[in-house]
Number of protein chains: 2
Amino acid sequence: MNIGIVGIGLIGGSIALRLKATDFKGKIFGVEKNESHQKKALQLGLVDEIISLQDALAQCKVIILTVPVDAIVNLLPEILDQVTDQVIIDMGSTKTNILNLIENHTNRGRYIAAHPMAGTEYSGPEAAIPNLYKDKVMVYVDAFRSDEDAFEIADGITEQLEMKSVFMNADEHDMHTAYVSHISHLTSFALALTVLEKEKSQGRIFELAGSGFESTVRLAKSSPDMWTPIFKQNRTNVLEVLEEHIKQLTMLHSKIKEEDYEGLHKLIKKSNKIKRIIK
Amino acid sequence: MNIGIVGIGLIGGSIALRLKATDFKGKIFGVEKNESHQKKALQLGLVDEIISLQDALAQCKVIILTVPVDAIVNLLPEILDQVTDQVIIDMGSTKTNILNLIENHTNRGRYIAAHPMAGTEYSGPEAAIPNLYKDKVMVYVDAFRSDEDAFEIADGITEQLEMKSVFMNADEHDMHTAYVSHISHLTSFALALTVLEKEKSQGRIFELAGSGFESTVRLAKSSPDMWTPIFKQNRTNVLEVLEEHIKQLTMLHSKIKEEDYEGLHKLIKKSNKIKRIIK
């Protein structure tokens with residue numbers, strides 16, 4: 001069984017690396033329009049060959065889409081038009097729009113909406129790492145709409161990646177990811193902008209950057225090409241969570257402004273409940 | 001030379017652990033009013049004995065203050081009243097208020113304002129780790145106001161902790177820490193509150209929490225007893241940076257709201273410049 005990966009960056013490259021470390025037979029083809037990424041992917045041995053999307057559809061049983069979500073929205077309908085028994089796995093971070101778009105497509109059953117909850121702040125083929133997915137969660141969205149044989153093949157790959165599976169509908173998925181992933185990126189981008197703004201006038205501000213700063217701001221290194229389309233595709237949920245977040249920050253602000261330190265202490269203590277959830 | 005550490009938690013306990021791993025002769029005494037912390041500190045071997053502040057002043061050449069900053073503000077004047085040739089090192093995270101408070105004290109020279117740019121989101125004696133300070137920055141604030149012999153002793157400890165030294169005045173220090181440390185904590189607290197709020201109505205939201213979320217929210221596990229006084233003592237700077245941060249978030253919000261994705265892409269790309277600064 002050959003696999004074609006469309007977009008050989010952090011996500012696609014890490015799938016390739018992991019599959020090559022298993023007893024996966026078959027070839028891994030890369031479909032990639034960025035020439036320097038093509039070269040890098042071959043150099044790093046992520047893929048056996050770079051081929052066109054047409055050739056990938058002809059030669060592969062499985063096509064995995066790991067390009068930015070707006071590119072998936074553009075590509076998927078024309079891919080499904082040409083599908084016979086291939087399996088098309090979409091690894092994008094947003095699902096509602098794409099699922100609505102192809103809802104009534106004749107070949108809907110060949111399509112799997114999946115979202116691996118894994119990543120780093122780095123991008124491109126050099127960012128690929130073999131254990132990116134190990135013990136992380138793969139979310140399947142509206143899995144009941146996929147053909148059983150197609151789902152089994154996709155889930156076999158999820159198993160090879162050593163991931164746990166979770167099932168959701170599209171609305172749930174897009175709302176939850178807005179809260180636990182998309183907002184984290186927005187706060188990091190904003191934090192970086194805040195501090196860079198100040199640095200202009202103050203210079204040595206970063207001498208003091210400690211580990212707390214690094215961990216909250218590291219996501220601000222993430223690719224704008226990847227993230228702008230995510231915010232676009234998940235606009236409604238992202239606006240909702242961003243408004244709630246600004247409200248919470250404004251509450252902390254007014255406690256400090258009004259010197260209500262008892263109230264501030266209470267809010268911080270309340271936020272500590274996050275201990276229940278993350279290690 | 002004996003050392004007395006006032007407040008045996010993450011900061012004080014980690015100093016003790018590191019000193020005990022060097023060829024430090026002398027005893028390490030703990031001054032600690034929390035009884036369970038007293039027991040824990042003895043059990044973990046962080047300190048040789050728990051004694052009173054009075055006894056510490058009588059038996060130690062060096063007193064290190066690692067209690068919350070409001071407790072330092074309360075304690076320091078009475079400690080300086082009793083000092084003869086001891087060295088008092090304040091490891092708190094804010095400096096302007098405390099320095100103003102003791103500016104004209106007869107024993108001002110025995111006091112060292114230092115701030116180790118190191119920490120974790122955990123607190124209490126169990127949180128102490130031996131390499132917390134290794135390769136991190138120790139900021140000395142208005143060091144020229146300390147007696148030379150007192151400074152040399154403090155700097156000897158900094159060296160034992162394997163830290164680099166940086167020198168600043170109080171205004172610089174409090175402004176810079178607001179930007180690279182205090183704001184990171186506020187964004188984490190607010191992020192935790194945002195997500196916990198949603199979880200109430202939505203339940204399974206945290207199944208999806210990936211590594212991005214964990215790193216941006218982990219500081220929300222930090223102690224309210226430690227952090228409320230920091231925001232109080234550094235109120236003006238913290239309000240300034242919080243206002244700037246809310247402004248930046250609001251800018252991201254309006255780009256998404258107005259569907260100006262080119263503008264959003266530009267802002268994210270601008271935030272990427274943080275790569276220059278953090279590894």
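The sequence lines fix the lettering, A, B, ..., with proteins before strands; numbering per chain opens at 1. Note: hydrogens, waters and symmetry copies are ignored here, and every other heavy atom, side chains too, is used.
Contact record, B:Leu219 with A:Gly212: CD1-O, 3.7 Å, taken as the closest heavy-atom pair. Among all heavy-atom pairs drawn from B:Ala192 and A:Ser271, the shortest one is CB-O, 3.6 Å. Closest heavy-atom contact between B:Ile246 and A:Ile246: CG2-CG2, 4.1 Å. Closest heavy-atom contact between B:Ser184 and A:Leu191: OG-CD2, 3.9 Å. The two atoms that bring A:Ser188 and B:Thr216 nearest to each other are OG-CG2, 3.6 Å, heavy atoms only. The minimum heavy-atom distance linking B:Val195 with A:Tyr179 is given by the pair CG2-O, 3.4 Å.
From A:Phe213, atom CZ reaches atom CE of B:Met117 across 10.5 Å, with rounding to the nearest 0.5 Å. How far CD of A:Glu121 is from CD1 of B:Ile274: 12.0 Å, rounded to the nearest 0.5 Å. Put simply, CG on B:Leu186 and CG on A:Leu249 are 7.5 Å apart, with the number rounded to the nearest 0.5 Å. Atom CD in B:Gln248 sits 13.0 Å away from atom OG1 in A:Thr187 (nearest 0.5 Å).
Contact check for A:Lys270 versus B:Glu197: side-chain heavy atoms found under the 4.5 Å cut-off. Annotation: side chain of A:Leu196 is in contact with side chain of B:Arg276 (closest heavy-atom distance under 4.5 Å).
Residues of residues 157-165 of chain A lying under 4.5 angstrom from chain B, judged on non-hydrogen atoms, do not exist here. Taking 4.5 Å as the heavy-atom cut-off, the residues of residues 255-267 of chain A that approach chain B are A:Ile256, A:Lys257, A:Glu259, A:Tyr261, A:Leu264, A:His265, A:Leu267, ordered by number.
Each of A:Thr236, A:Val217, A:Ile183, A:Val241 has some count of heavy-atom pairs under 4.5 Å with chain B, and the biggest count is that of A:Val217. Taking A:Asp225, A:Leu239, A:Leu252, A:Val137 one by one and counting their heavy-atom pairs under 4.5 Å with chain B, the maximum is reached by A:Leu239. The greatest number of non-hydrogen atom pairs below 4.5 Å with chain B, out of A:Lys269, A:Met251, A:His253, A:His115, is found for A:His253. Chain A forms more heavy-atom pairs under 4.5 Å with one residue of B:Val166, B:Val139, B:Leu242 than with any other, namely B:Leu242. Ranked by heavy-atom pairs shorter than 4.5 Å toward chain A, the options B:Glu243, B:Glu244, B:Arg235 are led by B:Arg235. Across A:His173, A:Lys247, A:Glu240, A:Met175, the residue that shares the most heavy-atom pairs under 4.5 angstrom with chain B is A:Met175.
Evaluation of the side chain to side chain donor-acceptor pair (under 3.5 Å) rule for A:His245 yields B:Thr194 as partners, not counting sequence neighbours. Judged as a side chain to side chain donor-acceptor pair (under 3.5 Å), and not counting sequence neighbours, A:Tyr133 has no contacts.
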Please step through side chain to side chain contact (heavy atoms under 4.5 Å, CB included) for the pair A:Lys198 and B:His176, ending with a clear verdict. CA-CA 9 Å; A:Lys198 193 68 180 178; B:His176 289 194; over 6 Å; no

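In this structure a side-chain-to-backbone donor-acceptor pair under 3.5 Å is present from A:Asn272 to B:Ala220.
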